[in-house]
Amino acid sequence: MKILLVEDDIEISDMLKNFLMTENFEVVAAFDGESACREFFADEYSLVLLDLMIPKKSGMEVMKEIREKSTVPIIIISAKDTDSDKTLGLGLGADDYITKPFSVTEVLARIKANIRRNTQYVAQSVKEDSVLKYDSLVMNTNDYSVLKDGVRIELTSKEFEILKLLMKNPKKVYTKEQIYSHVWNDAYFGDENAVNVHISRLRNKIEDNPRDPKIIVTVWGIGYKLGDME
């Protein structure tokens, strides 16, 4: 499996690259945002490790460009550790966030977990062959597509999984813990940011008016459900 490592600190880059190579990953290192984008679109990668504070193009800019074309897992590695930084990173399309300083074993565990989830998601999508419909939305779980009024909407894998969960169970109310468990396939530790940010981003893509959502509605004090069609 090939990883794109975007880190301008040469010592950190070399440390991560050498460690990951001993774990049988192929690693391509980029040291600025422009070369990161160039490397990413020139090849296929299983995952991107992305520092935010890099020259020429910021990590956020790099992530925006990648997300316009790809749903590859992206893990941010950054010295910025405030909730606002994490929320912004997740909101722009990151799948995970690791704060510096970190241990290489933690990075390895996060890499394996995100690749595993993405691989399981792709495998499940291939196995399924069904079309889900809600109002003007049409979801094909076989080819990972979502159409609204006949126009394709590009979703990340987690956005797709959240929407699929709600569309397959239109009457059910899901708590944030249940959504996290289904979509992230991991234990929920009370961090609501990940679920909130992905719901918000999904609403921005599928709702006519994200400020007054009709498709993904909030059930106050409980969680979220699919809205009742009029």
Side-chain angles (χ1 to χ4, degrees), residues 1-82 85-86 88-126 144 156-161 180 183-187 189 191 194 198:
M1 293 184 177
K2 184 178 288 189
I3 292 175
L4 177 61
L5 170 60
V6 188
E7 168 62 67
D8 66 328
D9 187 311
I10 295 177
E11 289 187 4
I12 294 177
S13 178
D14 287 346
M15 175 190 66
L16 282 172
K17 182 175 181 178
N18 292 334
F19 177 76
L20 292 173
M21 288 176 67
T22 65
E23 296 291 329
N24 298 317
F25 287 101
E26 183 178 353
V27 181
V28 174
F31 300 97
D32 63 72
E34 289 183 359
S35 62
C37 291
R38 187 166 57 249
E39 292 288 353
F40 181 82
F41 292 112
D43 208 338
E44 293 187 3
Y45 293 90
S46 299
L47 183 137
V48 178
L49 279 175
L50 178 64
D51 187 15
L52 294 181
M53 300 179 68
I54 51 177
K56 296 187 179 180
K57 282 186 181 180
S58 71
M60 293 297 188
E61 291 176 305
V62 172
M63 185 158 53
K64 285 181 181 179
E65 290 195 27
I66 290 176
R67 277 291 171 256
E68 288 176 357
K69 302 289 185 180
S70 173
T71 59
V72 65
I74 298 176
I75 300 178
I76 290 175
I77 47 175
S78 177
K80 295 184 175 183
D81 62 353
T82 66
D85 290 318
K86 294 178 182 179
L88 179 59
L90 292 168
L92 290 175
D95 296 278
D96 210 341
Y97 197 110
I98 300 174
T99 303
K100 296 178 180 178
F102 52 76
S103 69
V104 290
T105 53
E106 177 192 5
V107 175
L108 177 63
R110 300 284 190 95
I111 288 172
K112 288 183 174 179
N114 277 277
I115 290 178
R116 181 176 65 249
R117 291 169 196 152
N118 195 55
T119 301
Q120 290 172 344
Y121 164 75
V122 171
Q124 184 66 20
S125 293
V126 170
Y144 183 42
T156 67
S157 60
K158 287 184 173 57
E159 291 166 358
F160 186 89
E161 285 297 312
Y180 192 93
V183 174
W184 275 261
N185 193 29
D186 201 357
F189 296 105
D191 181 6
H198 282 79

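In this chain, residues are counted from 1 in sequence order.
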So, taking the atom named [atom1] in [X] and the one named [atom2] in [Y], what distance separates them when rounded to the nearest 0.5 Å?
{"X": "Ile66", "Y": "Cys37", "atom1": "CD1", "atom2": "SG", "result": "6.0 Å"}
{"X": "Leu47", "Y": "Ile115", "atom1": "CG", "atom2": "CD1", "result": "5.0 Å"}
{"X": "Ile75", "Y": "Asp51", "atom1": "CD1", "atom2": "CG", "result": "13.5 Å"}
{"X": "Ser58", "Y": "Lys64", "atom1": "OG", "atom2": "NZ", "result": "7.5 Å"}
{"X": "Glu65", "Y": "Arg38", "atom1": "CD", "atom2": "CZ", "result": "11.5 Å"}

Partner set under side chain to side chain contact (heavy atoms under 4.5 Å, CB included) for Tyr45, not counting sequence neighbours: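 Listed in chain order: Lys2, Leu4, Val28, Glu39, Phe40, Asp43.
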
Side chain to side chain donor-acceptor pair (under 3.5 Å) involving Ser35 - partner list, sequence neighbours excluded: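 Testing Ser35 for side chain to side chain donor-acceptor pair (under 3.5 Å), a comparison that skips the adjacent residues, returns Asp32.
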
Side chain to side chain donor-acceptor pair (under 3.5 Å) against Asp96, all qualifying residues, sequence neighbours excluded: Arg110, Asn114

Looking at every heavy atom in both [X] and [Y], which two are closest together, and how far apart are they?
{"X": "Ser46", "Y": "Met1", "result": "OG-CB, 3.6 Å"}
{"X": "Val62", "Y": "Ala36", "result": "CG1-CB, 4.3 Å"}
{"X": "Phe102", "Y": "Ile98", "result": "CB-CG2, 3.7 Å"}
{"X": "Tyr97", "Y": "Leu52", "result": "OH-CD1, 3.8 Å"}

Scan the side chains in residues 12-25 for donor-acceptor partners under 3.5 Å anywhere in the protein, sequence neighbours excluded, and list what turns up.
{"from": "Asn18", "atom 1": "ND2", "to": "Asp14", "atom 2": "O", "distance (Å)": "3.1"}
{"from": "Thr22", "atom 1": "OG1", "to": "Phe19", "atom 2": "O", "distance (Å)": "2.4"}

Verdict with reasoning, Ile76 to Met63, per side-chain contact (heavy atoms from CB on, under 4.5 Å): CA-CA 9 Å; Ile76 290 175; Met63 185 158 53; 3.9 Å; yes

Salt bridge present between Arg67 and Asp95 (N-O < 4.0 angstrom):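 Here Arg67 pairs with Asp95 in a salt bridge, since their nearest N and O are under 4.0 Å apart.
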
side-chain contact (heavy atoms from CB on, under 4.5 Å) between Tyr144 and Ser157, intermediate numbers included: CA-CA 9 Å; Tyr144 183 42; Ser157 60; 3.9 Å; yes

Close side-chain approach of Phe31 and Pro55, heavy atoms under 4.5 Å: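 When only atoms from C-beta onward are counted, Pro55 and Phe31 do not touch, as no gap falls below 4.5 Å.
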
Pairwise side-chain contact, Ile54 with Glu7, heavy-atom cut-off 4.5 Å (strictly under):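 No, their side chains stay 4.5 Å or more apart.
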
